[in-house]
There are 2 protein chains.
Amino acid sequence: MTEVKDFLDTLTPISDETWAKISVLLKPRLLKKGAFFIEEGQLAKEIGFLYQGIIRGFYRNADGFEYNKHFFTNPSFVGGYASLITNTPNQISQQALSDCQLWVANFEKFSRLYLSCPDLERAARILAERFFVQKEQREIELVVLDADQRYRLFQQQFPQLENQIAQYHIASYLGITPTQLSRIRRKLAQR
Amino acid sequence: MTEVKDFLDTLTPISDETWAKISVLLKPRLLKKGAFFIEEGQLAKEIGFLYQGIIRGFYRNADGFEYNKHFFTNPSFVGGYASLITNTPNQISQQALSDCQLWVANFEKFSRLYLSCPDLERAARILAERFFVQKEQREIELVVLDADQRYRLFQQQFPQLENQIAQYHIASYLGITPTQLSRIRRKLAQR
DNA sequence: CTCATTTCTTTACCTATGTAAATGGATTTA
DNA sequence: TAAATCCATTTACATAGGTAAAGAAATGAG
């Protein structure tokens, strides 16, 4: 479980007492490629820590249209964050794009520790702040950049991912169709 | 200053001791229509609480292109949140769209209170979580909805705002040009 | 009230991207 | 190996939205 402790310590130092309380909540879980960690429409109950593998988080509407919001690569927290926080049903799903290994905890128990562990609540604050900063950045990119700039940015931000996942997942992350991504790739290759 | 206390209490109850420490940091400020609270390129130093007026937060690139990320209406915290958190220069600016009244505090002093006031750090955590949820929602809307659906959503979410600010500010919030917004408005009016 | 400025709308044209369908390569399954 | 499936690419066409410029309407200053 050292993966979790190390990650938390990068946010803020976690005391041994706090870590003792956290660690008893963590259970190992394997997720086979294609399996879901969370699905839309359900109330999220668990928070996960991905220490091996790739997970996509995506929005799916009633027509079956899918938009890949994010690719999670280890190390990273995963889970229906908005659902956990607001206690409303998940709008998004998370699915393994490779075989994955996680530590999983009940979020209700986890977040109850905030009351007795200010250092953990601090870590949670810092994590939420970082999530916000990431989302704000993504928002700007979606509006200000066109699709081929977003594609090149994706290549920089996830350099190892392009060969590991399907093109249509990348297209979906960029907010375009596989057709358009193919056009962009052709144009870029012509130089 | 009760506006600030009341707002914090909606996040989590704030003790009298904590409030005493916060309140000495707060200074009143007037912002005339058109004035900036923060500007891009600078390091943010202050956090503000808007209790009267309208402020736009926007991104501006090197070509002068502007994208209105958000409209702040009272009551609301304002400030270069990402800049404050990450201690990097602001990417965004915030400008008064009407005469505004704020309470302003030095963020460094404010956030140092987290160490001695767990209830304030809790409020900060909850606020960051809410900001994240808002941004995630906005991201989905930008990708999944087309411009006229986003326009109708804007009308619902800011019902009082449409008559108070310029069309081109709304267009910029929607991620389109005033030309396109005008086309959308014409089409909607024809029904 | 009048003139000047700003904002909104309209038009013509152009581009990025979507849709649907066909093709061919790659991978999986029988 | 053969068949079936999945995936990336390509093509033709349709549409949302951008750009530039002009005109109309609203706002503001003197």
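Order of the sequence lines fixes the chain letters, A, B, ..., with proteins taken first and strands second; residue numbering starts at 1 for each chain. Only a predicted model underlies this, so the values are computations on that prediction, with no experimental measurement involved.
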**Request:** Determine to 10° how strongly the helix from C:dC1-D:dG30 to C:dA30-D:dT1 is bent, judged from the axes of its five-pair ends.
**Result:** 40°

Would you kindly say whether [X] and [Y] are connected by a side-chain donor-acceptor distance under 3.5 Å?
X	Y	value
A:E66	A:S172	no
B:S182	B:T179	no
B:R125	A:Y114	no

For atom [atom1] of [X] and atom [atom2] of [N], their distance in whole Å:
X	N	atom1	atom2	answer
A:R150	C:dA16	CZ	C1'	11 Å
A:L181	C:dG18	CG	P	10 Å
A:D146	D:dG18	CG	P	12 Å
B:I176	D:dA16	CD1	C1'	10 Å
B:I184	D:dA16	CD1	C1'	9 Å
B:L145	D:dA16	CG	P	15 Å
A:Q180	D:dA8	CD	C1'	14 Å
B:K187	D:dT15	NZ	P	11 Å

[N] phosphate, OP1 or OP2: any side-chain N/O from [X] under 4.0 angstrom?
X	N	value
A:R186	D:dT11	yes
B:T177	D:dG17	no
A:R183	C:dT15	no

**Message:** With the threshold set at under 4.0 Å for non-hydrogen atoms, list the residues of residues 157-175 of chain B touching DNA chain C in residue-number order.
**Reply:** B:A166, B:Q167, B:Y168

**Asked** So, A:S98 side chain and A:I54 main chain: donor-acceptor pair closer than 3.5 Å or not?
**Response** yes

**Request:** To the nearest 0.5 Å, tell me how far B:E121 CD sits from B:S111 OG.
**Result:** 9.5 Å

**Message:** For A:K135, run the salt bridge (Lys or Arg N to Asp or Glu O under 4.0 Å) check against B:E136, B:E139, B:E129 and tell me which one passes.
**Reply:** B:E139

**Request:** Give A:R185 one of three labels, base, sugar-phosphate or nothing, depending on what nucleic acid heavy atoms sit under 4.0 Å from its own.
**Result:** sugar-phosphate

**Asked** Stepwise, does the side chain to side chain contact (heavy atoms under 4.5 Å, CB included) test hold for B:N106 with B:E46?
**Response** CA-CA 5 Å; B:N106 177 282; B:E46 292 177 320; 5.7 Å; no

**Message:** Applying side-chain hydrogen bond (donor to acceptor under 3.5 Å, both in side chains) to B:Q155 and B:R152, what does each step give before you reach the verdict?
**Reply:** CA-CA 5 Å; B:Q155 291 177 312; B:R152 281 176 284 186; over 6 Å; no

**Prompt:** For the residue pair A:F71 and A:I165, what are the closest heavy atoms and their distance?
**Reply:** CZ-CD1, 3.6 Å

